[in-house]
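The block underneath contains the structure these notes are about, expressed in structure tokens.
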Amino acid sequence: MAIHLTKESKILVQGMTGGEGMKHTRRMLAAGTNVVGGVNPRKAGRTVDFHDRPVPVFGSVAEGMDATGADVTVVFVPPAFTKAAVTEAADAGIGLAVVITEGVPVHDSVAFLDRARKRGTRVIGPNCPGLISPGQSNAGIIPADITKPGRIGLVSKSGTLTYQLMYELRDIGFSTCVGIGGDPVVGTTHIDCLAAFQEDPDTDLIVLIGEIGGDAEERAADYIRDHVTKPVVGYIAGFTAPEGRTMGHAGAIVSGSSGTARAKQQALEAAGVRVGRTPTETARQVLSVLDSGA
């Protein structure tokens, strides 16, 4: 099994005919993903060949869903058009929208996330690498060849750290890896993924990756303490970050002790989570937990 994405998922790519959309559609197909169509109103009716795999282009998400039964869309459109693209997908009733686009205005994200919630569409992102259930499906830009299927679930704010932990634990493998994105407003949270991994019978251990700024990790710690019985191992990026400065793509600002890596570590450890201070140490913590059977 897996969370949110399985081998049965049928995927549309909004913006498939653009440069990034073409490149990553090709990679998704190579990973075995069932990409059933692209969406571009100006190129509707055409077919794009990916190494002898023809993929039709539809004029809208609704048209693509009607023709193929698609239940997932991956969004590769410029920031100025992302709100319209996600709103269109939600209004069409798609089950999952994976928004890769970086630089989406926060007020646009707030608007389309509200619309998606009302329509019953789960959004992952924006500004995220997507998600992968190794050996089953890959929706986004996560490299498919750095790990294998296994029984670890991973949820992360950081794309790069997602890849690193996948590689560090490649001999163990993953059920699903979800990059939720590091923007101030995102559709799917740590808590959403923790809940799904807790219910997934094929996930034995959960890795949670956070970073400085905000209180998402503290809220995740509260949830873990009250609702998660599976072992959780964490990593917080930014232990050496200076206070009072904007850091990284998340625009995280640390003020006093609020939002620091140390404060997040303490909250997670108080909930029973083992927290590594480096990605490699975090991977060793995972192996230790698995070896101990805890």
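The chain is numbered in sequence order, starting from 1.
V75 and V186 fall into different hydrophobic clusters, where Ile, Leu, Val, Met, Phe, Trp and Tyr are joined by side-chain heavy atoms under 4.5 Å apart, directly or via other members. By the rule that hydrophobic residues join a cluster once side-chain heavy atoms approach within less than 4.5 Å of another member, V207 and Y163 end up as members of one cluster. The cluster map of Ile, Leu, Val, Met, Phe, Trp and Tyr, joined by side-chain heavy atoms under 4.5 Å apart, puts V74 and I94 in different clusters.
Residue pairs meeting the salt bridge (charged side-chain N to carboxylate O under 4.0 Å, His left out) criterion with at least one partner in residues 4-23, sequence neighbours excluded, are E20-K23.
The cationic group of R115 does not satisfy the cation-pi geometry with F112, failing either the under 6.0 Å distance to the six-membered ring centre or the 45° limit from the ring axis.
Proximity of a side-chain donor or acceptor of S137 to a complementary backbone N or O of S133 within less than 3.5 Å is not detected.
A donor atom on one side chain and an acceptor atom on the other are not found under 3.5 Å apart for T17 and R46. A side-chain N or O of T189 and one of D192 form a donor-acceptor pair less than 3.5 Å apart.
By the 4.0 Å N-to-carboxylate-O rule, D222 lies close enough to R225 to be salt-bridged with it. At a threshold of 4.0 Å, the pair D204-K230 does not count as salt-bridged, since none of the basic side-chain nitrogens sits closer than that to a carboxylate oxygen.
Between the CG atom of L287 and the CD1 atom of I152 there is a distance of 7.5 Å, given to the nearest 0.5 Å. Atom-to-atom distance recorded for Y223:OH and L208:CG is 12.5 Å, nearest 0.5 angstrom.
The minimum heavy-atom distance linking P134 with P149 is given by the pair O-CG, 3.3 Å.
The only option from I124, D71, I11, T121 that meets the side-chain contact (heavy atoms from CB on, under 4.5 Å) definition with L96 turns out to be I124.
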